[in-house]
Participant: 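Let me begin by handing over the structure; questions about it come next.
Bear in mind that the values here come from a model prediction, so they are computed numbers and not experimental data.
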There are 2 protein chains.
Amino acid sequence: MADEDLGALCVRVTRRLIDAERPLLDARGLSMWAYVALTHLAEAPAPTQMALAEQMGYDKTRLIAILDQLAEEGLIERAPDPEDRRARIVRLTAAGRARQLEAQADIRAMESELLDGLSDAERATLREVLAKLAG
Amino acid sequence: MADEDLGALCVRVTRRLIDAERPLLDARGLSMWAYVALTHLAEAPAPTQMALAEQMGYDKTRLIAILDQLAEEGLIERAPDPEDRRARIVRLTAAGRARQLEAQADIRAMESELLDGLSDAERATLREVLAKLAG
DNA sequence: TATTGTTATACTCTATAACTATA
DNA sequence: TATAGTTATAGAGTATAACAATA
């Protein structure tokens, strides 16, 4: 028989990446999902927490505890939307943006090292193809 | 800023693959980990359950319940090793091998469909690079 | 004393439903 | 009535330690 299932292969690669990311994020005082939240907020503030949860592919009820802690650390702000007082607009603070950039730099460095043995063409194809498959 | 983190990309692709696999495995009466176990056993019988667990990247204590059910369904056999009566050699039955092949065929078909828009070269590079990154 | 398989226990993560305040 | 945020609860998944049998 031939190759390993593509799914199994992706699981192994993903697990390896996550295992490598975890200590880097720990050192910055961020959980994996806190980092994901900061990264999405770095693109643009979220009009509602629900929108942020959906964007992250995460559950809105679990996101709350994450945002609570990020707010407590001063990395994000939750401001009531003046036009819909049910909603809370979520945005990074300056400290939050700084923290996100630091963590992302660590992660990018780790990824570069991991991709060290690949050619530029292989790297480009990898990203391109994964982006397609991610849908 | 530039691209998404490689890790985030892999998480999304992996999640998509798993979401697509789950209903296929459900239809064959297999959990994800049961399928992983059958697939590893299809390569070769396992000399011990611990060896199988390690090969799968799974926990030996959780594997037991999986193997219990697979044995109850007649898909695997656990025979005491005559040379070390602590150990139990695990191997597929004919039914187990058949079930694994059916499930794998379903999964391969799904994967082919997912890769439909890619060139042969892209597919080859994807597999090759992922295999390298999987370590 | 160390190892295989097993069981038990505690802990975390996840999913679901219900509550409040607004609309 | 429907939605955003929140809280509570139950279930699944996970990690750890302890036990019996064998080496």
Side-chain angles (χ1 to χ4, degrees), chain A residues 7-8 11-12 14-16 18-19 21-23 25-26 29-37 40-41 44-72 76-91, chain B residues 7-8 11-12 14-16 18-19 21-23 25-26 29-37 40-41 44-72 76-91:
Chain A
V11 166
R12 282 169 58 208
T14 301
R15 176 150 49 183
R16 185 166 176 203
I18 288 179
D19 287 348
E21 282 184 22
R22 213 183 300 276
L25 290 173
D26 279 354
L30 295 172
S31 70
M32 191 70 63
W33 285 114
Y35 173 69
V36 173
H40 279 270
L41 292 172
T48 68
Q49 298 184 181
M50 258 194 75
L52 177 59
E54 187 155 0
Q55 204 181 1
M56 291 168 60
Y58 198 56
D59 186 89
K60 64 167 179 160
T61 67
R62 277 174 285 158
L63 180 57
I64 290 167
I66 309 277
L67 295 182
D68 283 347
Q69 196 182 343
L70 288 174
E72 195 177 340
I76 65 164
E77 287 174 338
R78 282 187 282 195
D81 181 346
E83 302 193 357
D84 182 345
R85 286 161 57 204
R86 292 173 306 183
R88 307 177 73 175
I89 299 168
V90 189
R91 62 167 59 86
Chain B
V11 166
R12 282 170 59 208
T14 301
R15 176 149 53 182
R16 185 165 176 205
I18 288 179
D19 287 347
E21 281 184 20
R22 213 182 300 275
L25 291 172
D26 279 353
L30 294 173
S31 71
M32 191 69 63
W33 285 114
Y35 172 69
V36 173
H40 279 269
L41 292 172
T48 68
Q49 298 184 180
M50 259 195 74
L52 177 58
E54 186 156 0
Q55 204 181 1
M56 291 169 60
Y58 198 56
D59 186 89
K60 65 166 181 161
T61 67
R62 278 176 284 158
L63 181 58
I64 290 167
I66 309 277
L67 295 182
D68 283 347
Q69 195 181 345
L70 288 174
E72 196 179 340
I76 64 165
E77 287 175 338
R78 282 187 281 195
D81 181 345
E83 302 192 356
D84 182 345
R85 285 161 56 204
R86 293 174 304 183
R88 307 176 73 177
I89 298 169
V90 188
R91 61 167 58 88

Participant: If you pin A/A87 and B/E83 to their nearest nucleotides in DNA chain D, which one's is more 5'?
Facilitator: A/A87

Participant: Round to the nearest Å and state the distance from B/R86 atom CZ to D/dT22 atom C1'.
Facilitator: 6 Å

Participant: Please report, rounded to the nearest Å, how far the C1' atom of C/dT4 is from the CG atom of B/D81.
Facilitator: 11 Å

Participant: Show me the pairs that pass salt bridge (charged side-chain N to carboxylate O under 4.0 Å, His left out) and involve residues 55-72 of chain B, at least two apart or across chains.
Facilitator: B/D68-B/R78

Participant: Checking the side chain of B/R15 only, and the main-chain atoms of A/G57 only, is there a donor and an acceptor separated by less than 3.5 Å?
Facilitator: yes

Participant: Do A/L52 and A/L67 come within less than 4.5 Å of each other through their side chains, counting heavy atoms only?
Facilitator: yes

Participant: How many whole angstroms separate atom CG of B/D59 from atom C1' of C/dC13?
Facilitator: 16 Å

Participant: Take the protein atom CG of A/L63 and the nucleotide atom C1' of C/dT14, then report the distance between them rounded to whole Å.
Facilitator: 14 Å

Participant: Figure out the CZ/C1' separation between B/R22 and C/dT14, and round it to whole Å.
Facilitator: 12 Å

Participant: From the list D/dG5, D/dT14, C/dA21, which nucleotide is the closest neighbour of the side chain of B/W33?
Facilitator: D/dT14

Participant: To the nearest angstrom, how far is A/I18 atom CD1 from C/dC13 atom P?
Facilitator: 13 Å

Participant: Atom CG in B/D81, atom CZ in B/R88: separation rounded to 0.5 Å?
Facilitator: 12.0 Å

Participant: If only side-chain N and O atoms of B/R85 are considered, is one of them under 4.0 Å from the OP1 or OP2 phosphate oxygen of D/dT22?
Facilitator: yes

Participant: Taking CG from A/L52 and P from D/dT6, how many angstroms apart are they, rounded to a whole number?
Facilitator: 12 Å

Participant: Might you list the N or O atoms of the protein lying below 3.5 Å from N or O atoms in nucleotides 6-10 of chain C, with each pair's distance?
Facilitator:
{"from": "C/dT6", "atom 1": "OP1", "to": "B/R88", "atom 2": "NH1", "distance (Å)": "2.2"}
{"from": "C/dT6", "atom 1": "OP2", "to": "B/Q49", "atom 2": "OE1", "distance (Å)": "3.2"}
{"from": "C/dT6", "atom 1": "OP2", "to": "B/Q49", "atom 2": "NE2", "distance (Å)": "2.7"}
{"from": "C/dT6", "atom 1": "OP2", "to": "B/R78", "atom 2": "NH1", "distance (Å)": "3.4"}

Participant: By side chain to side chain contact (heavy atoms under 4.5 Å, CB included), which residues pair with A/E77, not counting sequence neighbours?
Facilitator: A/R91, A/T93

Participant: Closest nucleotide of DNA chain C for B/P47 versus for A/Y58: which of these residues is on the 5' side?
Facilitator: B/P47

Participant: Write down the distance between CD (B/E54) and P (C/dT3), rounded to a whole number of angstrom.
Facilitator: 13 Å

Participant: Show your working on side chain to side chain contact (heavy atoms under 4.5 Å, CB included) between A/L41 and A/L70 and close with a plain yes or no.
Facilitator: CA-CA 12 Å; A/L41 292 172; A/L70 288 174; 5.8 Å; no

Participant: Given side chains that start at C-beta, do those of B/V36 and B/I66 come closer than 4.5 Å, heavy atoms only?
Facilitator: no

Participant: Taking any heavy-atom pair under 4.0 Å as a contact, classify A/D84: base, sugar-phosphate, or nothing.
Facilitator: sugar-phosphate

